[in-house]
J.: 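Below are the structure tokens for one structure; questions will follow.
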Amino acid sequence: MRNETHSLRSFEAAFGAARSAIRAAALGVMLALSGCAAYHTIPPAGYSAVEPRHQVMRVAFDMFGEPYPVSRDANDTTFPPQQRRSSNTAFSVRSHYRRLGRPYEPEAILDAWAAEIRASLSARPGGRVVFLIKGFNNSSGGLTDDYAATRDRIASLGGTDHLIFIEVLWDAFYRGRGTAPLPLAYFADSITSSLLAGTCGLRPLLGRLPEGTNVTLITHSRGGAIALAAFTKANIYAPRQCPVPPVPSQLGNVRAVAFAPALGDGIIRRDDNGDGRAELAADLFDQLDRLYVGFNPRDPATAKRYFGVSIGARRGGDTRLASDRAYLAEVEGQSAGRMQHVEFSHPSHPLQNYLRNEALTRCLLWAGQIIEERPADCGLAR
């Protein structure tokens, strides 16, 4: 019996070592590929022209969080051809216009966007501005197609006509022909790009909205980082940084509904005291009233579980808020009710697969003040 027990322990130890080796190898492959190419997400000329089925406008940011010029017609702006991203290839809309010898005025672009939002609010007293922000590995066409499907889904679930939709295009880096086959290979690029889009792009736009404006941010995956970076400090490592604007404080009721948020320490928790302990970001809820999380431990992208091998949600970019039950419970418990969640259980990552769960989606949208009638069995609190 003793020999059998010893053999079993030896087998378990060997199996555990093998599993750790597989995880390390998988992570090593991912990191080795981290300099591999992806495509920049560049909006097409004319991107600002949106079919007016709903009250909709689009804003677009480059990989440094700087805004693209407003473009309602293919002839009124000059955008570059698509470019692949490699370890030494960046794309800046500012540099592009400098090469063309044309003026680039980001503050004027942000002012124009804010003026359009203000006009929409004036036409809809009591309106709510709803930002749609998807995650990485998306072309501009992929983003706009998914945004249209999301708006249609919201309408079918009872979204009211007081909603003013803002679709956010950002440099999400996406897989194209001849790029790295594993999207995680360029997830690191999207980490920086998303923080810059939130801090340097979305934050100053929010700061230009009228006092008391009610806002909901509906995000998916890494899009959650853009939303939260607009409201809280985050470390940004980039070749250059924008003059960081102040966090908006003039807004009214602000809610974020985050499906499968690819977030963790750095935004949700930080070691602000330098004592080696990460704690819930103290400034996260200074302007943000509520954060609602669509949690899913079976999501392979945020759990980082591929081909039966898990490398861990903390590795290769922290995504534990979306899929790690212990992490979610810890930060939710520290939030005094300002962070709440519902739990999905489908084994896939695309946003539309989340939205197909009508009961949970209705609950999240009600909590985010997108729909008026509270669904039965919704456990969230507004």
Side-chain angles (χ1 to χ4, degrees), residues 128 130-135 150-160 162-163 214-221 223-225 227-228 231-232 252-264 267-269 279-281 284-303 313 318-382:
R128 175 170 286 269
V130 181
F131 288 86
L132 302 178
I133 316 176
K134 276 208 66 186
T150 300
R151 289 187 281 107
D152 287 344
R153 185 61 171 154
I154 289 172
S156 73
L157 295 176
T160 62
H162 74 294
L163 305 177
N214 296 324
V215 174
T216 297
L217 306 104
I218 299 177
T219 72
H220 176 245
S221 194
L228 297 192
F231 295 105
T232 185
N253 182 275
V254 182
R255 287 154 191 267
V257 176
F259 292 89
L263 303 171
I267 293 184
I268 298 298
R269 298 194 312 178
E279 298 178 348
L280 184 68
L284 181 59
F285 295 103
D286 285 351
Q287 172 72 90
L288 181 67
D289 292 283
R290 293 285 188 276
L291 170 60
Y292 299 103
V293 174
F295 176 79
N296 186 356
R298 300 185 67 200
D299 186 320
T302 54
D318 198 340
T319 58
R320 286 178 291 170
L321 187 65
S323 58
D324 187 304
R325 200 179 304 279
Y327 183 85
L328 175 71
E330 184 173 346
V331 297
E332 197 171 53
Q334 296 172 348
S335 74
R338 292 167 296 183
M339 183 187 300
Q340 303 169 41
H341 79 280
V342 300
E343 182 167 332
F344 292 82
S345 60
H346 61 279
S348 62
H349 187 62
L351 173 59
Q352 299 308 315
N353 290 349
Y354 279 84
L355 298 181
R356 288 190 184 100
N357 189 317
E358 183 170 327
L360 295 182
T361 297
R362 278 184 183 275
C363 183
L364 286 168
L365 294 180
W366 170 81
Q369 297 199 350
I370 300 298
I371 62 177
E372 296 297 330
E373 184 178 352
R374 179 172 186 166
D377 301 325
C378 179
L380 300 178
R382 277 184 166 180

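Numbering of residues begins at 1 and proceeds along the displayed sequence. Values in this document were obtained by computation on a predicted structure and should not be read as measured data.
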J.: Hey, does T150 have a side-chain heavy atom less than 4.5 Å from the side chain of F259?
T.: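 SC-SC contact between F259 and T150 ruled out.
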
J.: Looking at V293, L291, L321, which hits side chain to side chain contact (heavy atoms under 4.5 Å, CB included) with V331?
T.: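 One option only clears the test, and that one is L321.
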
J.: Could you walk me through whether H349 and H220 pass side-chain contact (heavy atoms from CB on, under 4.5 Å), step by step?
T.: CA-CA 9 Å; H349 187 62; H220 176 245; 3.6 Å; yes

J.: What pair of heavy atoms forms the shortest contact from W366 to P375, and how long is it?
T.: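 Scanning both residues completely, I find the closest heavy atoms to be CB-CD, 3.7 Å.
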
J.: Short question: side chain of R338, backbone of R290 - any donor-acceptor pair under 3.5 Å?
T.: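 No; judged by distance alone, with no hydrogens or angles, the pair does not exist.
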
J.: Is there a side-chain contact between E330 and R269 (heavy atoms, below 4.5 Å)?
T.: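 The answer is yes; the side chains approach within 4.5 Å.
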
J.: Roughly how far, to the nearest 0.5 Å, is the CD atom of Q340 from the OH atom of Y292?
T.: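 CD of Q340 is found 5.0 Å from OH of Y292.
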
J.: Nearest 0.5 Å, please: how far is CZ in R362 from CD1 in I154?
T.: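 The CD1 atom of I154 sits 12.0 Å away from the CZ atom of R362.
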
J.: Would you say the side-chain atoms of N253 pair up with the backbone N or O of N214, donor to acceptor, closer than 3.5 Å?
T.: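 Side chain of N253 to backbone of N214: no pair is present.
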
J.: Do D289 side-chain atoms and R255 backbone N/O form a donor-acceptor pair below 3.5 Å?
T.: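 Here the side-chain-to-backbone pair does not exist.
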
J.: Restricting to ring-ring contact (aromatic ring centres under 6.0 Å, His included), what partner residues turn up for F285, sequence neighbours left out?
T.: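 By the ring-ring contact (aromatic ring centres under 6.0 Å, His included) rule, F285 matches no residue at all.
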
J.: Between T319, D318, T302, L228, which is the residue that forms a side chain to side chain contact (heavy atoms under 4.5 Å, CB included) with L263?
T.: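 That would be L228.
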
J.: Where the side chain of T232 meets the backbone of I267, is there a donor-acceptor pair that is under 3.5 Å apart?
T.: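 No; judged by distance alone, with no hydrogens or angles, the pair does not exist.
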
J.: Closest approach of P261 and G294, non-hydrogen atoms and distance?
T.: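 Answer, listing the atom of P261 first, then G294: CD-O, 3.9 Å.
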
J.: Within this structure, what is the OH-OG1 distance for the pair Y354 and T361, rounded to the nearest 0.5 Å?
T.: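 It comes to 10.5 Å.
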
J.: Using every non-hydrogen atom in the two residues, find where G379 and R374 come nearest and quote the distance to one decimal.
T.: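 Scanning both residues completely, I find the closest heavy atoms to be C-NH2, 4.3 Å.
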
J.: At their closest point, which heavy atom of L217 faces which heavy atom of A227, and how far apart are they?
T.: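 For L217 and A227, the tightest heavy-atom pair comes out as CD2-CB, 3.8 Å.
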
J.: Can you tell me how far NE2 of H341 sits from CG of L360, rounded to the nearest 0.5 angstrom?
T.: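 Here the interatomic distance stands at 10.0 Å.
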
J.: State whether the number of non-hydrogen atoms from other residues, nucleotides or ligands found under 6.0 Å of E372 atom CD is greater than 12.
T.: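 Yes, the 6.0 Å shell around CD holds more than 12 heavy atoms from other groups.
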
J.: Quick one: does any side-chain atom of R128 pair with a main-chain N or O of I370 as donor and acceptor, under 3.5 Å?
T.: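 Flag not set: sc R128 to bb I370 has no pair under 3.5 Å.
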
J.: List the residues meeting salt bridge (Lys or Arg N to Asp or Glu O under 4.0 Å) with D324, not counting sequence neighbours, and say none if there are none.
T.: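 D324 satisfies salt bridge (Lys or Arg N to Asp or Glu O under 4.0 Å) with no other residue.
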
J.: Hey, is the main chain of A322 close enough, under 3.5 Å, to the side chain of Y327 for a donor-acceptor pair?
T.: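 Pair absent, no side-chain N/O of Y327 close to backbone of A322.
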
J.: Please determine whether side-chain contact (heavy atoms from CB on, under 4.5 Å) holds for the pair I218 and L365, giving the CA-CA distance in whole Å, both sets of side-chain angles, and the decisive distance to 0.1 Å.
T.: CA-CA 9 Å; I218 299 177; L365 294 180; 4.0 Å; yes

J.: Quick one: which of D299, N353, N296 gives a side chain to side chain donor-acceptor pair (under 3.5 Å) with S348?
T.: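 That would be N353.
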
J.: Any sub-3.5 Å donor-acceptor pair from R298's side-chain atoms to F344's backbone N or O?
T.: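 A pair under 3.5 Å: no.
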
J.: What distance separates L284 CG from L288 CG, expressed to the nearest 0.5 Å?
T.: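 If I round to the nearest 0.5 Å, the distance is 6.0 Å.
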
J.: Using side-chain heavy atoms (C-beta onward) and a distance below 4.5 Å, is E358 in contact with R153?
T.: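 Touching, per the 4.5 Å side-chain cut-off.
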
J.: Distance check, rounded to the nearest 0.5 Å: L157 atom CG versus C363 atom SG?
T.: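 Spacing of CG (L157) from SG (C363) equals 12.0 Å.
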
